[in-house]
Each structure stands twice: as structure tokens, then as C-alpha cells.
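A, B, ... follow the sequence lines: proteins, then strands. Residue 1 opens every chain. Worth saying up front: this structure is predicted, and the values here are computed from it rather than measured.
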Number of protein chains: 2
Amino acid sequence: MRITQEADYALRAIYYLSTLEEGTKASANVIARSQNIPLRFLLKLLQKLRNAGLVESYMGVNGGYALSRKPKDISFLDVIEAIDGPVYINRCLYDPESCNNLGVEKCSIHKALHQIQENLKKDLSSINFQQVLDDTELDGTEYEEV
Amino acid sequence: MRITQEADYALRAIYYLSTLEEGTKASANVIARSQNIPLRFLLKLLQKLRNAGLVESYMGVNGGYALSRKPKDISFLDVIEAIDGPVYINRCLYDPESCNNLGVEKCSIHKALHQIQENLKKDLSSINFQQVLDDTELDGTEYEEV
DNA sequence: TAAATGTACACCAAGTTAGTATAATATTAA
DNA sequence: TTAATATTATACTAACTTGGTGTACATTTA
């Protein structure tokens, strides 16, 4: 019932790109060091984000990666599904044909799980990176704990 | 981001026991056949449910398993955590000490994930087996589709 | 053309999952 | 008291997933 470490890294990579001025690139090296992500692993993961259309990449000297949309238009669900594939909380909900019970339609258990899954996906898609940025700023500055 | 097949089986086993008269036992064999679960695997999984206090077991001839509480007092979360362990949607939320970013407190990403996790757990704990029973009865009889 | 960058593909160790196998123990009924 | 029916305990395993690493190549800029 958890996201992979790779998806966690991806969230942090997208977060880092969100902190930059719109359109600014960052190299994998810089992202890796700033977020404490193994470089090789990050490079591979960035390809998935690129294939999903979340980032753009630029080769060569001064190359790097930049968001292809504004932070407010990228949700946690976008990132997690780009890396881990579709979110589904049990087998039968992914491939109802292979369900060895009665399938999603007939089985009350799976119907209930389906509802929970949809709530989860809604939650994940309702949070975007602008919100995370705003939250971070609040924490560090204005509202310092006393 | 999914429950194991074992947890799915466990939900179905508990569901089956919920359909019985209160206090009635069923043997692992009967449960296995009725829910299409591999017997050996079911036997092992029933131990976990027993250790978690969800079912009681009886050895010997006419032995078997029975719920230790009423269906309405057993939630999906109870069953899933009995089998898969605590629900947490990423590593850092389970063991914040080993977080290689800033930990749940400092990192906005992990704070957001934590909120989503709590919603998920609330959802899973809000559904119990009496509800599933009721839903099943509605389906099969009164409300048959035309 | 050298240096800095991303891309592509292959490989691998460790852990997890979904089981299976075997033998022992407890209870009941004949 | 023995046979049959159950659960319990322990150990094993094949396949898959995860979280990486290694090597070689392609592109861009100075």
C-alpha cells in the first residue's frame, strides 16, 4: 500500500524544479545533489517524467530539465502514475477479468475497495506543486514556531 | 500502491465468516473452496488474523474458524493491517528517522503525503463487514437489474 | 575538438510475494 | 483407543519487483 522510492524521488525532483523561475533548467547533477537522490537512478526516472510530458530535457552543455507546465498544473497523481503506473489498490481493480472471485461488478469487497481507490486518486490529484511551494514558504519564514 | 493478494484473500475470508450465523465456525477447507483461495495459503493467513484477534480457531474434528467480533466491528483497515502490517504510503512515513530528505516534519512533500495517508486510513477504517453484507443483499435480491 | 550534458541498454543483488511441502498436535466420534 | 478430521508450526522456493549500477553513445556549446 505504498508508493515506490522512485516515485518519492520523482516528487522531490519535480518539487525542486518547481522552486525555480518559470522556464529555468536544472541539470540532473544539481537536482540529485539538492534532493539527495542517486544520480543514475534520477536520470532514469527523469526519462519517465519526460515520456509522461511532465518535464522537458535539453542535451549538451548547459542542458538539463525544466517543467513543461506550471507547478499548479502538476498533481501528485500525475507524478506517481508517470513513475509507478496507474494507481490501483488491488489486482482485481486493475484487471477485473483475472479476478478469481466475482469481479468488481459482482463482488461487494471489490466494489468497496474501488470506492476507496477513487477517493485516494481524487486526493492525489487534488494536490499540486504550487500548494507544496506555498506550504514550504509559510513554514520557513512567516510562521516560524516560537 | 496496492494491498497484497494475501490481504485480498483475507478480506474475502472474513467476508465469508460474516455471512454465517453469529458464532458459527467454518473449516479452512470450506472457506477456501467458497472463496477460491489456495488452502495452504489460507491456513497461513488465518494465523495472522488469529494473532490480530479477528478470528478464533478450533482444532480437531468439527474445528474451524469463527469471527471473534460482530461483522460491524471489523473494518477493512483491521484486516489489511493484520495481514500487510501498518498502512503507510511511503517509506519516510513509516520510519521518519531514515528519511533521506528532511523528514516528515520539515518536508512539504512528505507532509502532503501524510495527509493523504490519513484520509486513506480513515476511509479503510470507516467501512465494516456489516456494510458489505448489506450491500451484497441489496444487489442479489431486491434491486435486480432489468 | 574538448567538456558537459542527456540517452539507451544491459545487468544485478536484495527483498517481497505467493505460494507449496512435511510433519506434528488437538479434538471428536466410533 | 484408534482413526479421521482439523489446525499449527516450520521450512522451502520460484518468480517478480525494487533500487540501484555500468558502459557506451549522442548532442550541444565554447
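The distance between atom CD1 of Ile31(A) and atom P of dA4(C), rounded to the nearest whole Å, is 18 Å. Nucleotide dT17(D) holds its C1' atom 15 Å from the OH atom of Tyr94(A), rounded to whole Å. For Ile3(B) and dT17(C), the CD1 to C1' distance is 14 Å, given to the nearest whole Å. When the P atom of dA21(C) is taken as reference, atom CG of Leu43(B) falls 14 Å away, rounded to whole Å. Here the P atom of nucleotide dA21(C) and the NZ atom of Lys44(B) are 13 Å apart, to the nearest Å. To the nearest angstrom, C1' of dG19(C) lies 13 Å from CG of Asn100(A). Distance CD (Gln5(A)) to P (dG15(C)): 15 Å, rounded to an integer number of Å. Following rounding to the nearest Å, Ile83(A) (CD1) and dT17(D) (P) show an atom-to-atom distance of 17 Å.
Asp95(B) and Arg91(B) are not joined by a salt bridge, as no carboxylate oxygen comes within less than 4.0 angstrom of a charged side-chain nitrogen. Salt bridge absent: Arg2(B) and Asp84(B) never bring a charged side-chain N and a carboxylate O closer than 4.0 Å.
The stretch residues 40-52 of chain B participates, sequence neighbours left out, in these side chain to side chain donor-acceptor pair (under 3.5 Å) pairs: Glu6(B)-Lys48(B), Gln47(B)-Arg50(B), Arg50(B)-Ser57(B). Evaluation of the ring-ring contact (aromatic ring centres under 6.0 Å, His included) test over residues 80-99 of chain A, restricted to residues two or more places apart or in two chains, returns Tyr88(A)-Tyr94(A).
By the side-chain contact (heavy atoms from CB on, under 4.5 Å) test, Val30(A) is found to be paired with Tyr16(A), Ser27(A), Arg33(A), residues two or more places apart in sequence or in another chain being considered. Not a single salt bridge (charged side-chain N to carboxylate O under 4.0 Å, His left out) links Asp123(A) to another residue, sequence neighbours left out.
Between Ser57(A) and dT7(C), a side-chain N or O to OP1/OP2 separation shorter than 4.0 Å is present.
Closest approach to the Gln47(A) side chain among dT8(D), dA18(C), dG6(C) is made by dG6(C) (side chain taken as heavy atoms from C-beta onward). Candidate nucleotides dG19(C), dT7(D), dT7(C) were compared by shortest atom distance to the side chain of Tyr65(B), and dT7(D) ranks first. With distances taken from any side-chain atom of Arg50(A) to the nucleotides dT21(D), dT20(C), dT7(C), the minimum falls on dT7(C). When distances are taken from the side chain of Glu6(A) to each of dA11(D), dG19(D), dT8(D), the shortest belongs to dG19(D).
For the residue pair Gln131(B) and Asp134(B), no side-chain donor N or O sits within less than 3.5 Å of a side-chain acceptor on the partner.
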Please list, pair by pair, any protein nitrogen or oxygen found under 3.5 Å from a nitrogen or oxygen in nucleotides 24-29 of chain D.
unit_1  : atom_1 : unit_2   : atom_2 : d
dT28(D) : O2     : Val61(A) : N      : 3.2

* Asked: Can you check ring-ring contact (aromatic ring centres under 6.0 Å, His included) on Phe129(A) and Phe76(A), steps first, answer last?
  -> CA-CA 8 Å; Phe129(A) 284 82; Phe76(A) 274 34; 5.2 Å; yes

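When His110(A), Glu118(A), Lys111(A) are each tested for a side-chain contact (heavy atoms from CB on, under 4.5 Å) with His114(A), only one passes: Glu118(A).
Within 4.0 Å of Arg2(B), counting heavy atoms only, lies no atom of the nucleic acid at all.
Although no hydrogens or angles enter the test, the distance criterion places a donor-acceptor pair under 3.5 Å between the side chain of Gln117(B) and the main chain of Ile89(B).
Between Tyr9(A) and Tyr58(B), the residue whose closest nucleotide on DNA chain D is further toward the 5' end is Tyr58(B).
Residues of residues 14-26 of chain A that place a heavy atom closer than 4.0 Å to DNA chain C do not occur.
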